[in-house]
> 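Let me give you the structure first, and then I'll get to my questions.
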Amino acid sequence: MIGNALVAGIDSATRWCQVVIRDAATGERLRAGAAPHPDGTEVHPSAWWEALGQAVAAAGGLEDVAAVSIAGQQHGMVCLDDEGAVVRPALLWNDTRSARAAADLVAELGGPAAWADAVGTVPVAALTVAKLRWLAGNEPARARATAAVCLPHDWLTWKLGGGRDIRMLTTDRSDASGTGYYSPAADAYRPDLVQLALGRQPLLPKVLGPAETARILEPSAGFAPADSPRIRLGAAELNPLLVAAGSGDNAAAALGLGAGPGDVVVSIGTSGTVFACYDAPTADPTGAVAGFADATGGHLPLVCTLNAARVLDAAAALLGVSLGELSRLALSAPAGADGLTLIPYLEGERTPNRPDATGTLHGLRLTNSTPAHLARAYIEGMLCGLADGLDALSAVGVPVERILLVGGAARSEAVRTIAPAVLGRPVLVPRAGDYVADGAAKQAAWALNGSAAPPAWDVCQAEKAEAEPVPWLRERYHGLRDA
Ligand SMILES: Nc1ncnc2c1ncn2[C@@H]1O[C@H](COP(=O)(O)OP(=O)(O)O)[C@@H](O)[C@H]1O
Ligand SMILES: O=C(CO)[C@@H](O)[C@H](O)COP(=O)(O)O
């Protein structure tokens, strides 16, 4: 029974940390706070801890909160020595230096199908397993010093619990499934694949079930971590704080949105992701669909692109306009931008696996060399990349009945207007919200009340956006993408 208990959900994303505090029984949103993370694809975990402290303080602290759960950016490699000290800055999901290592691992196990069978996912640079191989090959001393390997949400959960003994590290199925050395179909680590990547066996976090508790922090035990006075975790007279298992950020978003069978979430944030809650594991040998686990005990087939909202940031910077003006410009140009097409691989690409690719603008003419055409081409190109993700999910048998469009770029009117045309179906656009943090808050409430299912709070009011599909635009894109 959770009465009027409060729960906190934390989203430790690539570029910032967001904290949301809700009523555990009703789901009412009470307070929130945020703080930025440093830029870059290699970040010291202490920066996440610092930001988490600032975000918690901005959200009014956790003194009155009964349970907390942390969702985090997936795949980042956090290496700890046997004393629990960080061995090197974490390599993040969007760091592509491990592309060669991923290709080597794929070949060494016998090809993409062997990986899809083993762990549901074919390694690319993003996956932790590839980063481990990169570490072994490029920083052997640091590889030898690595006594434990964990993920961003695992590390933060452990820090919240005092962060001393590496044997106390925990993770959950959803985030473990993004390492490349955990099989969500078998619900087990694959130590042989860790051995293949690193040449030895570091300690791996214990994998908790979706509603399990990672730690209970007793006030009398003085649980406020000494190195972060900004996290005001509670005074002695207050109740214990339950720390739930946490999850990967996309799994938390699915939980926060209440995505059900037939729902596909298209999230346009720092990463572009297309994913669905699904009842069976997937094993896509093409590598397009990663066979991740969700945060409820099921599966989360997912396609991830590196080029999403930041493509629009780049377009706005190029044109010297705000994001609002970029949207207005794009909507003033015709569908297809009079032949102007962007292949949006500005950061290389993960799906398709082209880590060294660059972006290309095709079809420039005098008539379409305008800010409006350029704005339209950037948005259409970015959306074409995500539409390919939708096709890839369908190809592995995932039903697509409703599309939920979320993420920072869904705030753009042009994105909301053009998305149904490019994706070829109507989209539901939930009101802008912190769905990852909301999912984490639901998980905290679930662990707290010990019920069979997560709370059914409805935090997601959505509007429908419809448009005439433009299949010719995608055909043109495909021709240029594969040229
Ligand atoms: N109105 C807008 N138009 C286009 N992009 C936007 C708008 N508002 C925010 N964004 C972009 O959304 C991105 C952040 O998305 P978000 O989903 O919050 O991030 P993350 O994936 O890191 O959690 C940023 O690149 C930001 O510029
Ligand atoms: O790598 C993936 C999914 O496989 C990314 O989705 C990361 O989990 C980072 O997410 P954001 O910071 O964009 O939310």
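We use all heavy atoms of the structure for the numbers below, so side chains are in, but hydrogens, waters and symmetry mates are not. When a ligand or atom number is given, it counts from 1 through the structure's own listing order.
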> What protein heavy atom sits nearest atom 23 (O) of ligand 1, and how far off is it?
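Heavy-atom neighbour on the protein nearest atom 23 (O) of ligand 1: A13 CB, 3.6 Å.
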> Regarding ligand 1, does T270 bring an N or O atom to under 3.5 Å of one of the ligand's N or O atoms?
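Yes, there is a polar N/O contact under 3.5 Å.
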> Considering only non-hydrogen protein atoms, determine which one is nearest to atom 1 (N) of ligand 1 and report residue, atom name and distance to 0.1 Å.
R411 CB, 3.5 Å
> Given 3.5 Å as the limit, does a donor-acceptor pair link the side chain of R133 with the main chain of L196, or not?
yes
> Anything under 3.5 Å between an N or O on ligand 2 and a protein N or O? List each pair with its distance, or write none.
{"from": "ligand 2", "atom 1": "1 (O)", "to": "H75", "atom 2": "NE2", "distance (Å)": "3.3"}
{"from": "ligand 2", "atom 1": "1 (O)", "to": "R350", "atom 2": "NH1", "distance (Å)": "2.8"}
{"from": "ligand 2", "atom 1": "4 (O)", "to": "H75", "atom 2": "NE2", "distance (Å)": "2.7"}
{"from": "ligand 2", "atom 1": "4 (O)", "to": "R350", "atom 2": "NH2", "distance (Å)": "2.7"}
{"from": "ligand 2", "atom 1": "6 (O)", "to": "N250", "atom 2": "ND2", "distance (Å)": "3.0"}
{"from": "ligand 2", "atom 1": "6 (O)", "to": "S271", "atom 2": "OG", "distance (Å)": "2.8"}
{"from": "ligand 2", "atom 1": "8 (O)", "to": "Q74", "atom 2": "N", "distance (Å)": "2.9"}
{"from": "ligand 2", "atom 1": "8 (O)", "to": "D249", "atom 2": "OD1", "distance (Å)": "2.8"}
{"from": "ligand 2", "atom 1": "8 (O)", "to": "D249", "atom 2": "OD2", "distance (Å)": "3.2"}
{"from": "ligand 2", "atom 1": "10 (O)", "to": "D249", "atom 2": "OD2", "distance (Å)": "2.8"}
{"from": "ligand 2", "atom 1": "10 (O)", "to": "S271", "atom 2": "OG", "distance (Å)": "3.4"}
{"from": "ligand 2", "atom 1": "12 (O)", "to": "T14", "atom 2": "N", "distance (Å)": "3.0"}
{"from": "ligand 2", "atom 1": "12 (O)", "to": "T14", "atom 2": "OG1", "distance (Å)": "2.3"}
{"from": "ligand 2", "atom 1": "13 (O)", "to": "S271", "atom 2": "N", "distance (Å)": "2.9"}
{"from": "ligand 2", "atom 1": "13 (O)", "to": "S271", "atom 2": "OG", "distance (Å)": "2.8"}
{"from": "ligand 2", "atom 1": "14 (O)", "to": "D249", "atom 2": "OD2", "distance (Å)": "2.9"}

> Considering only non-hydrogen protein atoms, determine which one is nearest to atom 3 (N) of ligand 1 and report residue, atom name and distance to 0.1 Å.
S412 CB, 3.4 Å
> For the side chain to side chain donor-acceptor pair (under 3.5 Å) test, which of Q443, K442, H153 pairs with S69?
Q443
> Does the N or O separation between T14 and ligand 1 drop below 3.5 Å for any pair?
no
> Under a 3.5 Å threshold, yes or no: a donor from one side chain and an acceptor from the other, between E347 and N94?
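Checked: E347/N94 side chains show no N/O donor-acceptor pair below 3.5 Å.
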> Hey, is ligand 1 close enough to L323 that some N/O pair sits below 3.5 Å?
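Checking ligand 1 against L323, no N or O pair falls under 3.5 Å apart.
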> If we ignore angles and hydrogens, is there a donor and acceptor under 3.5 Å between the side chains of T296 and D294?
yes
> Starting from atom 7 (C) of ligand 1, find the nearest protein heavy-atom neighbour and note its residue, name and distance.
G408 O, 3.4 Å
> Classify the side-chain pair T14/W93 by whether it contains a donor and acceptor separated by less than 3.5 Å.
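Yes, W93 and T14 have a side-chain donor paired with an acceptor closer than 3.5 Å.
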> Identify, by atom number and element, the atoms of ligand 1 in contact range of G407, meaning under 4.0 Å from any of its heavy atoms.
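The atoms of ligand 1 under 4.0 Å from a heavy atom of G407 are 17 (O).
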> Looking at R431 and D438, is any side-chain nitrogen of the basic one under 4.0 Å from a carboxylate oxygen of the acidic one?
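Salt bridge flag = no for R431 with D438.
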> Nearest to atom 13 (C) of ligand 1, what protein heavy atom do you find, and at what distance?
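Residue, atom and distance for the closest contact: A309 CB, 3.5 Å.
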> Does NZ or CZ of R100 lie under 6.0 Å from the centre of the six-membered ring of W134, at an angle within 45° of the ring axis?
no
> Where is the nearest protein heavy atom to atom 27 (O) of ligand 1: which residue, which atom, and how far?
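For this ligand atom, the closest protein heavy atom is D313 OD1, 2.6 Å.
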> Flag the pair R88 and E42 as a salt bridge only when some basic side-chain nitrogen lies within less than 4.0 angstrom of an acidic carboxylate oxygen.
yes
> Counting from 1, what ligand 1 atoms have a heavy atom of G269 closer than 4.0 Å?
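Taking each heavy atom of G269 in turn, ligand 1 has 15 (O), 16 (P), 17 (O), 21 (O) under 4.0 Å.
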> Can you find a side-chain donor-acceptor pair between T282 and D284 that sits under 3.5 Å?
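Distance-only check fails for T282 and D284.
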> Tell me whether T351 contacts the main-chain N or O of C304 through its side chain, where contact means a donor paired with an acceptor under 3.5 Å.
yes
> Output yes when the distance from some N or O of ligand 1 to some N or O of R15 is under 3.5 Å, and no in every other case.
yes
> Please report the closest heavy-atom contact between A34 and Q18, naming both atoms and the distance.
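Residues A34 and Q18, closest heavy atoms: CB-OE1, 3.4 Å.
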> Between D356 and R97, does any side-chain N to carboxylate O distance fall below 4.0 Å?
no
